[in-house]
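What follows is a single structure, written as structure tokens, with notes after it.
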Amino acid sequence: MRTSPAGRAAGFSLLLFAGLLVLCGCRTTAGDRSEPGHQAWLNGWKATNSVWRGLHIMLHADSGARELEQEFPRLKAAGINTIIVEVNYCFEFRSHPELRSASFVTAATAHAMARSAREQGIRLIPQFNCIGHQSWAQSTLPLLVKYPQLDETPGQYPENKGIYCRSWCTRNPEVNKVVLPLLDELVEAFEADALHLGMDEIFLIGSPHCERCKGRDPGQLLADAINGLHDHFSTGRRVELLLWGDRLLDAAALGYSEWEAAKNGTHTALERIPKDIIICDWHYAKQEEYRSVPMLARKGFRVWPSGWQPLDGAVALSKYSREQRRTEPLVMGYLCTTWGKVKTRETADWPCLVEPLRVWSTPR
Ligand SMILES: [Zn+2]
């Protein structure tokens, strides 16, 4: 934990407080977040950033993290005030070193990035995909390699043939015993006050191959999993949570595809989760309207419209969302996802970032 000059006077009382937490058996993984200086920074950030202009980018190693850090000033100049770094298993996990990917971001680099981001006025938010995306093509990610008993479809689909991505079982109580320490480490290392939990494109949930889940309502299974994570991060930690929105949207009612909305029954979770969760509502194709944006806001959720490419789709989503904000203040701004389509050094000039953000240069 770093100590800012302003924080030194309060250092002793903080030390006592931390000691009491340990004595009480409470865990604190807040890192810098718990310092008065960080809270003041966050309050200042919120006061000056009523619109969230975001970038989502994947990090696999220290080299990529340092490259991104060098771009912070240019990204700031392009209007970015929030960066989501999707890390998943590419981190130097100490609670479960067996779950580190072959290449990873070290905790020291994460702390350095966090400091640089704050200096630039950028809010840095780590991401770890929960439930779904536990494999990609033939590669299964570390959790289900090391703990195959946590798989929603254990022993099924050899070499991942016939499925999109593996999922972990939402009802196995052993999952959170492994995963929560990983998430806590990311929050601590990135000195984060928010965490993106992923949860997009979950197709394997309530599988007939899972003894715990078969026959159960997918919407309730998803809601229970989200609420369990929310309980962990809202109790004492005060970490804001973000999710991709697709599993919370009814594809049939909204006219979306099975990718950007759910046809597998998970959408009823929307009525069963806390309203303080930020929903990243992603759509890529150009459409006349994006009905989920005002729908989510009217239900009381903060909505962060998230685009990618093609450029006309990204601009259409951003402009539509900007119009919605006139009457729906819970529409937060615009999040530019990259998905490897632009080099880090060229991101600040990428048309799919620059053009959609143009309409968000003023809050109203
Ligand atoms: Zn299950």
Side-chain angles (χ1 to χ4, degrees), residues 51-57 78-80 82 84 86 127 132-133 164-165 196 198-203 219 222 242-271 273 277-342 347 350-364:
V51 167
W52 290 33
R53 295 180 299 271
L55 169 69
H56 171 279
I57 197 162
I80 294 295
T82 310
I84 295 176
E86 182 174 336
Q127 181 185 334
H133 277 282
Y164 175 59
C165 294
H196 197 306
M199 295 199 185
D200 58 323
E201 301 173 334
I202 303 166
F203 296 107
L222 180 60
L242 300 87
L243 307 174
W244 297 122
D246 53 280
R247 292 310 94 187
L248 301 170
L249 304 178
D250 182 353
L254 292 163
Y256 290 138
S257 73
E258 67 173 330
W259 297 96
E260 59 195 324
K263 290 184 178 177
N264 60 345
T266 54
H267 61 277
T268 59
L270 186 65
E271 307 293 340
I273 60 173
I277 293 173
I278 295 168
I279 299 179
C280 301
D281 186 17
W282 64 269
H283 304 281
Y284 301 149
K286 183 179 181 182
Q287 302 178 37
E288 287 298 312
E289 56 180 354
Y290 300 87
R291 292 162 61 191
S292 50
V293 173
M295 181 276 283
L296 291 166
R298 285 170 196 152
K299 284 188 179 292
F301 289 96
R302 284 175 290 169
V303 191
W304 202 7
S306 309
W308 181 37
Q309 61 174 29
L311 179 59
D312 65 347
V315 169
L317 172 63
S318 185
K319 284 186 172 177
Y320 176 87
S321 302
R322 184 68 182 79
E323 279 301 306
Q324 296 302 311
R325 186 177 162 92
R326 295 182 191 280
T327 52
E328 304 293 344
L330 292 178
V331 178
M332 299 167 64
Y334 181 78
L335 172 61
C336 168
T337 67
T338 53
W339 305 122
K341 290 296 179 187
V342 60
T347 303
W350 193 36
C352 290
L353 180 144
V354 174
E355 296 299 326
L357 284 183
R358 224 179 271 288
V359 296
W360 294 97
S361 57
T362 55
R364 291 205 176 268

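Numbers here are sequence positions counted from 1.
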Enter the distance from [X]:[atom1] to [Y]:[atom2] here, rounded to the nearest 0.5 Å.
{"X": "Leu222", "Y": "His267", "atom1": "CG", "atom2": "NE2", "value": "11.5 Å"}
{"X": "Arg291", "Y": "Leu296", "atom1": "CZ", "atom2": "CG", "value": "12.5 Å"}
{"X": "Leu317", "Y": "Lys286", "atom1": "CG", "atom2": "NZ", "value": "12.5 Å"}
{"X": "Leu55", "Y": "Cys336", "atom1": "CG", "atom2": "SG", "value": "6.0 Å"}
{"X": "Arg247", "Y": "Glu260", "atom1": "CZ", "atom2": "CD", "value": "10.0 Å"}
{"X": "His56", "Y": "Leu335", "atom1": "NE2", "atom2": "CG", "value": "7.5 Å"}

Taking the side chain as everything from C-beta on, heavy atoms only, tell me whether [X] gets closer than 4.5 Å to [Y].
{"X": "Arg53", "Y": "Tyr334", "value": "no"}
{"X": "Met199", "Y": "Leu242", "value": "no"}
{"X": "Trp244", "Y": "Gln127", "value": "yes"}
{"X": "Cys280", "Y": "Leu243", "value": "no"}
{"X": "Glu323", "Y": "Arg326", "value": "yes"}

Which is it for Trp339 and Tyr284 under the side-chain hydrogen bond (donor to acceptor under 3.5 Å, both in side chains) test, yes or no, and what are the steps along the way?
CA-CA 12 Å; Trp339 305 122; Tyr284 301 149; 3.0 Å; yes

Decide yes or no on side-chain contact (heavy atoms from CB on, under 4.5 Å) for Val51 and Arg322, but give the supporting numbers first.
CA-CA 10 Å; Val51 167; Arg322 184 68 182 79; over 6 Å; no

Please confirm whether the ring centroid of Trp259 lies under 6.0 Å from the ring centroid of Phe203.
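Here the rings of Phe203 and Trp259 have centres that are less than 6.0 Å from each other.
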
Trp52 ring center within less than 6.0 Å of Trp304 ring center:
yes

Passing candidate, side chain to side chain contact (heavy atoms under 4.5 Å, CB included) with Phe301, options Ile273, Ile278, Leu248
Ile273

Checking side-chain hydrogen bond (donor to acceptor under 3.5 Å, both in side chains) for the pair Asp246/Trp282: CA distance, chi angles, key distance, verdict?
CA-CA 7 Å; Asp246 53 280; Trp282 64 269; 2.7 Å; yes

Mind checking what makes salt bridge (Lys or Arg N to Asp or Glu O under 4.0 Å) contact with Glu271, not counting sequence neighbours?
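Checked Glu271 against salt bridge (Lys or Arg N to Asp or Glu O under 4.0 Å); matches are Lys299.
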
Could you tell me whether Arg325 and Glu328 have a side-chain N and a carboxylate O separated by less than 4.0 Å?
no

Give the C-alpha distance, both sets of side-chain angles, the deciding distance and a yes or no for side-chain contact (heavy atoms from CB on, under 4.5 Å) between Asp281 and Val293.
CA-CA 7 Å; Asp281 186 17; Val293 173; 3.5 Å; yes

Can any side-chain N or O of Asn264 pair as donor or acceptor with the backbone N or O of Ile202 at less than 3.5 Å?
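Such a contact is found between Asn264 side chain and Ile202 backbone.
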
Could you list the donor-acceptor pairs under 3.5 angstrom formed by side chains in residues 350-357, with sequence neighbours left out?
unit_1 : atom_1 : unit_2 : atom_2 : d
Glu355 : OE1    : Arg358 : NE     : 3.2
Glu355 : OE2    : Arg358 : NH2    : 2.8

Going through the checks in order, is the side-chain contact (heavy atoms from CB on, under 4.5 Å) test met by Ile57 and Glu86?
CA-CA 6 Å; Ile57 197 162; Glu86 182 174 336; over 6 Å; no

Between Thr268 and Gly265, what is the shortest heavy-atom contact and its length?
OG1-O, 3.7 Å

Over all atoms of both residues, closest heavy-atom pair of Trp360 and Ser318:
NE1-OG, 2.9 Å

Would you please say whether a donor-acceptor pair under 3.5 Å links the side chains of Ser292 and His283?
yes

Let's go through Gln309 and Lys341 carefully: what are the C-alpha distance in whole Å and the side-chain angles of both, what is the deciding distance for side-chain contact (heavy atoms from CB on, under 4.5 Å) to 0.1 Å, and is it a yes or a no?
CA-CA 9 Å; Gln309 61 174 29; Lys341 290 296 179 187; 3.8 Å; yes

I'd like to know whether Tyr164 forms a side-chain hydrogen bond (donor to acceptor under 3.5 Å, both in side chains) with Glu201, so could you lay out the CA-CA distance, the side-chain angles of the two residues, the decisive distance to 0.1 Å, and finally the verdict.
CA-CA 9 Å; Tyr164 175 59; Glu201 301 173 334; 2.7 Å; yes

